[in-house]
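Worksheet: the structure to be examined is printed underneath.
Computation of the quantities below employed the complete heavy-atom set of this structure, encompassing side-chain atoms and omitting hydrogens, waters and symmetry-equivalent molecules.
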Amino acid sequence: MPSYGPSSPSSFTSPPLPAPAPPPCGVPPFPPLRVRGGSGHRLRRAVWRQRRAMAAGLALTAAALAASGLGGSGAGSGGGPGAGHGAAGAAGTASRRVPAPVRLVSAPVRIADAATVRLLRPGDRVDVIASEDAGAGSRVLAKGARVTQVPPPSAEGSTENGALIVLSVPRATAATLAGEGISAGFAVILC
């Protein structure tokens, strides 16, 4: 019968033993280290002695930033009514109010002279003038209105009724233009 194990007990060898640890050596006695005169100590001492001057400097810097509007969120910055007016707005002397933005609407307007409308392009600024009759006086209804659209001329080619343009104007001006457009003919002046 065959044997699958070692043929003799002497074929196994044990690992070598580790070397013994060296004897402990003594640490020589030494006094504790004390560092004096470091740069951090000098700075702390200077700040401690000059704390009143430092406080005054910081207060002066804060006041300058508040007055110039460069500070974070204070009276001199932000989007409120007193924004950008600096110390004058904070003190209440000669403060100016920023007007609220005007909401613009699109107003279609029929101009009496179709040839004039062909000269207009979107983005042009115009004054709109109303006149009742050729001999009567005229009045300006809208100043500096922006042309937003100039529709192409009609396929019929009829220009006796004028031509249509679309203007961007405040709501009150749009109401005036719509009311006056019923009875008056409009003309435009390029600005």
Side-chain angles (χ1 to χ4, degrees), residues 52-191:
R52 286 185 183 159
M54 181 75 73
L58 287 174
L60 186 63
T61 303
L65 285 175
S68 69
L70 295 176
S73 61
S77 65
H85 297 301
T93 59
S95 63
R96 291 178 276 156
R97 290 194 163 216
V98 177
V102 178
R103 184 184 154 138
L104 300 177
V105 296
S106 296
V109 176
R110 185 163 299 277
I111 304 301
D113 186 11
T116 304
V117 173
R118 286 191 300 237
L119 299 173
L120 298 177
R121 301 285 176 260
D124 287 345
R125 296 278 178 176
V126 295
D127 291 344
V128 180
I129 312 242
S131 64
E132 303 261 340
D133 294 327
S138 60
R139 62 188 179 280
V140 177
L141 297 178
K143 290 185 179 182
R146 187 173 56 89
V147 177
T148 56
Q149 283 184 324
V150 181
S154 64
E156 302 164 0
S158 172
T159 60
E160 64 185 47
N161 290 336
L164 189 69
I165 62 172
V166 180
L167 299 175
S168 179
V169 292
R171 186 175 295 275
T173 306
T176 303
L177 289 172
E180 292 287 329
I182 296 171
S183 61
F186 290 136
V188 292
I189 299 173
L190 283 164
C191 297

Checklist entry - Hey, is CZ on R125 packed in by over 12 heavy atoms from elsewhere, all under 6.0 Å? => result yes
Checklist entry - Out of curiosity, K143 NZ to I189 CD1, how far, rounded to the nearest 0.5 Å? => result 10.5 Å
Checklist outcome for this item: In short, P151 meets I165 closest at the heavy-atom pair CD-CA, 4.2 Å
Checklist outcome for this item: Separation between CG (L167) and OG1 (T148), nearest 0.5 Å, reads 6.5 Å
Next on the checklist: I'd like to check the side-chain hydrogen bond (donor to acceptor under 3.5 Å, both in side chains) partners of D113; sequence neighbours left out, ordered by chain and number.
Outcome noted: T116
Checklist entry - In this structure, which one of L177, V126, L141 forms a side-chain contact (heavy atoms from CB on, under 4.5 Å) with V109? => result L177
Checklist entry - Looking only at heavy atoms, what is the nearest atom pair of V188 and I111, with distance? => result CG1-CD1, 3.4 Å
Item to check | Distance-minimising heavy-atom pair for V117 and L164 | outcome: CG1-O, 4.2 Å
Checklist entry - Distance from L104 atom CG to T173 atom OG1, nearest 0.5 Å? => result 9.0 Å
Checklist entry - Between V169 and A107, what is the shortest heavy-atom contact and its length? => result CG2-CB, 3.9 Å
